[in-house]
Amino acid sequence: MSLRNDQQLSGIAVERLDNGVFRISWDALERDERVRVFAGDSPHGIDMRAPVAEVRGGDGLELSLTGRPDNPYFKLIRGNGPGVVWAQRRLPLEKTYNFRDIGGYRTKDNRRMRWGMIYRSANLSQLTDNDHLLLKRIGIRLVCDFRTREEAQAQPDRLPQDESMQYLHMPIAHGKFDPAEALDSIKKGDISWLTDDFMTNNYLKQVDRFPGLWKQFFERLMDNNQRPLLFHCTAGKDRTGVCTALIMLTAGVPEPVVIADHQLSNTYNAEVIGRIEQEIKKCGIDPEKMRSYLTAPREAIEAVLERLRTRYGSAEEYLIKKAGLARRDLQRLRREITTDA
């Protein structure tokens with residue numbers, strides 16, 4: 001391991017508590033090891049003149065940042081190392097859930113995905129005015145919506161009306177099946193359509209049947225005038241999960257980390273899943289029989305990763321040979337969405 005990596009913190013997490021207090025944690029250090037924390041309002045706007053906190057040893061700290069935006073960025077410096085930028089994974093929007101930044105993940109070549117550039121989310125139909133302010137503050141320029149026409153019409157995105165961000169509908173549908181119709185079936189007590197391999201097959205179809213859509217999406221992502229970019233579906237776990245996997249793999253993030261990010265949806269959606277399960281019970285359905293549909297199934301994303309490896313060679317080769325993107329463009333994208341760790 002290089003000296004550079006020896007001086008990096010590991011296991012970093014940032015969590016917003018109440019009243020502007022943030023919990024910043026990392027893997028435990030020896031008691032004489034120093035960690036300095038600097039803060040700013042953007043990944044490139046961190047004030048390095050003086051730390052906002054400094055500790056020795058331990059596994060983290062709590063920090064009050066009253067008067068700053070709800071989504072600050074931190075640079076954590078261990079000893080005399082180069083430091084690493086970190087932020088909240090999930091952003092504190094009032095009326096959506098599973099809204100998160102996919103920055104910070106380390107790649108195989110010891111770079112990291114940039115913070116504040118690519119976001120994923122559940123649907124945006126109930127955003128508040130405060131949510132709009134946060135979206136503007138983080139600079140979202142393009143919103144890509146993977147929901148079907150029926151889903152989008154039933155719950156249209158509530159975005160700012162000042163043309164500060166573009167909206168692009170990129171529907172992913174699987175034949176006659178539509179998630180909006182699935183809800184009606186559930187209310188009638190019918191889940192006969194939910195077979196053991198239903199979710200895995202749907203994930204695989206997103207790869208095999210939609211190369212044109214992924215080409216269009218990545219062409220938008222490659223345009224730095226379209227970033228920061230946000231993409232979403234209904235729950236932000238399946239169609240959004242496959243898209244995230246393609247991006248992270250293209251950036252060079254290892255497969256276990258891709259899977260771990262996918263599984264975070266089960267944590268961030270837990271409250272919503274609980275409410276849905278209570279409603280399902282009222283329809284006479286055992287919620288356990290719906291688990292694979294309500295959650296982000298690990299076996300489904302693992303099947304996608306295996307498909308990309310075995311049928312196409314890699315995510316990059318899939319995007320080149322199946323979707324028709326140029327290798328040099330993907331290599332440029334990789335450089336732009338990652339930074340030195």
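Atom SG of residue C144 and atom CG of residue L229 lie 4.5 Å apart, to the nearest 0.5 angstrom. Rounded to the nearest 0.5 Å, atoms OG1 (T250) and CE (M222) are 8.0 Å apart. In this structure, the separation between CG on L127 and CG on L135 is 6.0 Å, given to the nearest 0.5 Å. Atom CG in L93 sits 12.0 Å away from atom NZ in K95 (nearest 0.5 Å). Remark: I273 CD1 to T267 OG1 distance equals 9.0 Å, nearest 0.5 Å. Atom CG in D190 sits 11.5 Å away from atom SG in C283 (nearest 0.5 Å).
Applying the ring-ring contact (aromatic ring centres under 6.0 Å, His included) criterion to H232, with sequence neighbours excluded, gives no partner residue. Looking at residues two or more places apart in sequence or on another chain, you find a side-chain hydrogen bond (donor to acceptor under 3.5 Å, both in side chains) between N130 and E94. Looking at residues two or more places apart in sequence or on another chain, you find a side chain to side chain contact (heavy atoms under 4.5 Å, CB included) between K321 and E317. For Y119, the ring-ring contact (aromatic ring centres under 6.0 Å, His included) partners are F99, not counting sequence neighbours. R147 is linked by a salt bridge (charged side-chain N to carboxylate O under 4.0 Å, His left out) to D145, D157, counting only residues two or more places apart in sequence or in another chain. Applying the ring-ring contact (aromatic ring centres under 6.0 Å, His included) test to F218 and every residue at least two apart in sequence or in another chain returns nothing. Looking at residues two or more places apart in sequence or on another chain, you find a salt bridge (charged side-chain N to carboxylate O under 4.0 Å, His left out) between K136 and D162. In this structure R309 satisfies the side chain to side chain contact (heavy atoms under 4.5 Å, CB included) test together with E255, L305, E306, sequence neighbours excluded. Residues passing the ring-ring contact (aromatic ring centres under 6.0 Å, His included) test with Y73, sequence neighbours excluded: none. Applying the side chain to side chain contact (heavy atoms under 4.5 Å, CB included) criterion to Q226, with sequence neighbours excluded, gives L142, Q166, R220, D223. Taking R34 as the reference, R36, E54, R56, N80 meet the side chain to side chain contact (heavy atoms under 4.5 Å, CB included) condition, with sequence neighbours excluded.
The aromatic rings of W214 and F217 sit perpendicular to each other, their planes meeting at more than 60°, with 30° as the lower class boundary.
Closest approach of G103 and D101 over heavy atoms only: N-OD1, 2.8 Å. Shortest non-hydrogen contact noted between T295 and K237 is O-NZ, 2.8 Å. Scanning both residues, A251 and T107, for their nearest heavy atoms gives O-CG2, 3.2 Å. Closest non-hydrogen pair, A173 versus T148, comes out as CB-CG2, 3.9 Å. The shortest heavy-atom contact between Q206 and Y318 is O-OH, 4.3 Å. Across all their heavy atoms, A323 and P211 have their closest contact at CB-O, 3.5 Å.
Between V242 and F210, every side-chain heavy-atom pair lies at or beyond the 4.5 Å cut-off. Put simply, the side chain of V37 does not reach to within 4.5 Å of the side chain of K75, judged on heavy atoms. Side-chain atoms of Q8 and P82, non-hydrogen and from C-beta on, do get closer than 4.5 Å to each other. For the pair D131 and T128, the minimum side-chain heavy-atom distance is below 4.5 Å. Residues T339 and V85 form no side-chain contact, since every pair of their non-hydrogen atoms from C-beta on lies 4.5 Å or further apart. When side chains are defined from C-beta on, V14 does not count as touching R89, because their heavy atoms never get closer than 4.5 Å. Side-chain contact between R120 and D261 is present, with at least one heavy-atom pair separated by less than 4.5 Å. A 4.5 Å side-chain heavy-atom check between D129 and R158 finds at least one atom pair inside the cut-off.
At distances below 3.5 Å, at least one donor-acceptor pair connects side-chain atoms of E33 with backbone N or O atoms of E30. The backbone N or O of G236 lies less than 3.5 Å from a partner atom in the side chain of N98, making a donor-acceptor pair. Side-chain atoms of R141 never come within 3.5 Å of backbone atoms of P228 as a donor-acceptor pair (strictly under, hydrogens ignored). Side-chain N or O atoms of Q263 include none that pairs as donor or acceptor with a backbone N or O of A260 at under 3.5 Å.
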Run the salt bridge (Lys or Arg N to Asp or Glu O under 4.0 Å) test on E279 and R275 for me, step by step, so that the C-alpha distance in whole Å, both residues' side-chain angles and the decisive distance to 0.1 Å come before the verdict. CA-CA 7 Å; E279 293 300 315; R275 293 201 300 265; over 6 Å; no
Go through the steps to decide whether R327 and E316 satisfy the test side chain to side chain contact (heavy atoms under 4.5 Å, CB included), and finish with yes or no. CA-CA 8 Å; R327 190 180 304 277; E316 181 178 358; 3.5 Å; yes
Start with the C-alpha gap between R311 and D208, add the side-chain angles, then the distance that decides, and say whether salt bridge (Lys or Arg N to Asp or Glu O under 4.0 Å) holds. CA-CA 10 Å; R311 179 172 293 187; D208 296 336; 3.4 Å; yes
For the pair I337 and I247, evaluate side chain to side chain contact (heavy atoms under 4.5 Å, CB included) and give the outcome as yes or no after the intermediate values. CA-CA 9 Å; I337 64 175; I247 295 170; 4.2 Å; yes
After noting the C-alpha distance and the side-chain angles of N71 and Q88, does the key distance pass the side-chain hydrogen bond (donor to acceptor under 3.5 Å, both in side chains) rule? CA-CA 7 Å; N71 188 47; Q88 299 172 94; 3.2 Å; yes
Audit row: E302, R298, salt bridge (Lys or Arg N to Asp or Glu O under 4.0 Å) steps and yes/no: CA-CA 6 Å; E302 288 177 338; R298 183 186 181 97; 2.9 Å; yes
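Between F38 and F74, a ring centre-to-centre spacing not shorter than 6.0 Å is recorded. Ring pair Y105/W115: centre-to-centre distance not below 6.0 Å.
Counting only N and O atoms by type, the side chains of T200 and D197 include no donor and acceptor under 3.5 Å apart. Checked by atom type, the side-chain pair Y203/D238 shows a donor-acceptor distance below 3.5 Å. A donor-acceptor contact closer than 3.5 angstrom is absent between the side chains of R239 and T244. In summary, the side chains of N202 and Y293 do not present any donor paired with an acceptor at a separation below 3.5 Å, with no hydrogens or angles considered.
No more than 12 heavy atoms of other residues, nucleotides or ligands shown are found within 6.0 angstrom of CG on D196.
The residue from R111, R114, R112, R106 that alone fulfils the salt bridge (Lys or Arg N to Asp or Glu O under 4.0 Å) condition with D340 is R111.
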Please tabulate, one pair per line, all N/O donor-acceptor pairs under 3.5 Å involving side-chain atoms of residues 21-28, not counting sequence neighbours.
unit_1	atom_1	unit_2	atom_2	d
W26	NE1	G58	O	3.3
D27	OD2	S10	OG	2.8

